[in-house]
**Q** 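The structure under discussion is supplied below as structure tokens; questions concerning it will follow.
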Amino acid sequence: ETGVTQSPTHLIKTRGQQVTLRCSSQSGHNTVSWYQQALGQGPQFIFQYYREEENGRGNFPPRFSGLQFPNYSSELNVNALELDDSALYLCASSLRSGQAHPYEQYFGPGTRLTVT
Amino acid sequence: AQSVTQPDIHITVSEGASLELRCNYSYGATPYLFWYVQSPGQGLQLLLKYFSGDTLVQGIKGFEAEFKRSQSSFNLRKPSVHWSDAAEYFCAVGAARGSTLGRLYFGRGTQLTVWP
């Protein structure tokens, strides 16, 4: 069984640039959630993808967007980067069946984004 | 709205001592509750979860947690701490239904230091 993987591990970008982060979900999982973890804070929910559609969004502006592909992998895109976007971005996968959501979310190692 | 409070930012214990990490949550119905552990530079690993039933739940690495509805608490315990337990611990709550179905709300974490 393959766990959740994320790429790249680290990334340095300049303010105003755009970035794409990638996530491969755990084998058998169909739902991907993205979280932002600022230094010294707990993870904050960005959004979730199920059946290739956004299914719930946290308090993040539209410049944070995502995609889910037929193989359930996912991308997080951030446009017009700001200094405050510097954080660890975590991807979590889970198995959802209809309205049942057992919430066992399994996290990847994260992508550390630094915006200068 | 759901929220999680971890009152202790940093706890230091001696190896072999017992441990209790506190977690209080705010949620209008029966919550789904979780404890995750994060080692430096790593993603989150699920320690244990509570969905329903027995209020004392066992997890991995010898951890247990007790759900107390009357106190809105879900404290994490371990009878004897090992040096390898040094890490950051996050409590999280999830909604069983409604518009926030599928997302986790995290506390800001408790950093555990273990003295030899």
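Hydrogens, waters and symmetry mates play no part in the numbers below; they use all other heavy atoms, side chains included. Here is the naming used below: chain letters follow the sequence lines, and residue numbers restart at 1 for every chain.
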**Q** Heavy-atom distances under 4.5 Å only: say whether Q37(A) touches chain B with side chain, backbone, both or neither.
**A**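 Side chain only.
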
**Q** Do the side chains of Y36(B) and L104(B) get nearer than 4.5 Å, heavy atoms only?
**A**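 With C-beta onward as the side chain, the pair touches.
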
**Q** Would you please say whether a donor-acceptor pair under 3.5 Å links the side chains of Q105(A) and K49(B)?
**A**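 No pair is found: no donor N or O on one side chain lies under 3.5 Å from an acceptor on the other.
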
**Q** Would F60(A) and F47(A) count as a side chain to side chain contact (heavy atoms under 4.5 Å, CB included) here? Give the steps.
**A** CA-CA 9 Å; F60(A) 282 83; F47(A) 44 53; over 6 Å; no

**Q** Only heavy atoms, only distances under 4.5 angstrom. Which residues in residues 70-83 of chain A are near chain B?
**A**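 Interface residues of residues 70-83 of chain A: none, nothing closer than 4.5 Å to chain B.
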
**Q** Chain B contacts: which residues in residues 107-116 of chain A have a non-hydrogen atom closer than 4.5 Å to it?
**A** F107(A), G108(A), P109(A)

**Q** Mind checking what makes ring-ring contact (aromatic ring centres under 6.0 Å, His included) contact with Y89(A), not counting sequence neighbours?
**A**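 Once residues adjacent in sequence are excluded, Y89(A) has no partner under the ring-ring contact (aromatic ring centres under 6.0 Å, His included) criterion.
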
**Q** At a 4.5 Å cut-off on heavy atoms, which part of Q111(B) comes close to chain A: side chain, backbone, both, or neither?
**A**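 Contact with chain A: none, neither part.
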
**Q** Counting only heavy atoms not in Q58(B), do more than 12 fall under 6.0 Å of its CD?
**A** yes

**Q** Within 45° of the axis and under 6.0 Å from the centre of the six-membered ring of F63(B), does NZ or CZ of K78(B) qualify?
**A** yes

**Q** Evaluate the side-chain proximity of E64(B) to L56(B): yes if any heavy-atom separation is below 4.5 Å, no if none is.
**A** yes

**Q** Please determine, by modelled atom types, if H10(B) and T113(B) share a side-chain donor-acceptor pair under 3.5 angstrom.
**A**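 There is such a pair (donor and acceptor under 3.5 Å, judged by atom type) between the side chains of H10(B) and T113(B).
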
**Q** Among residues two or more places apart or on two chains, list those pairs meeting salt bridge (charged side-chain N to carboxylate O under 4.0 Å, His left out) that have a residue in residues 21-32 of chain B.
**A**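 Listed by first then second residue: D8(B)-R22(B).
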
**Q** Find out whether the Lys NZ or Arg CZ of R96(A) is both under 6.0 angstrom from the six-membered ring centre of Y50(A) and within 45° of the ring's axis.
**A**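 Here R96(A) passes the 6.0 Å and 45° test against Y50(A).
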
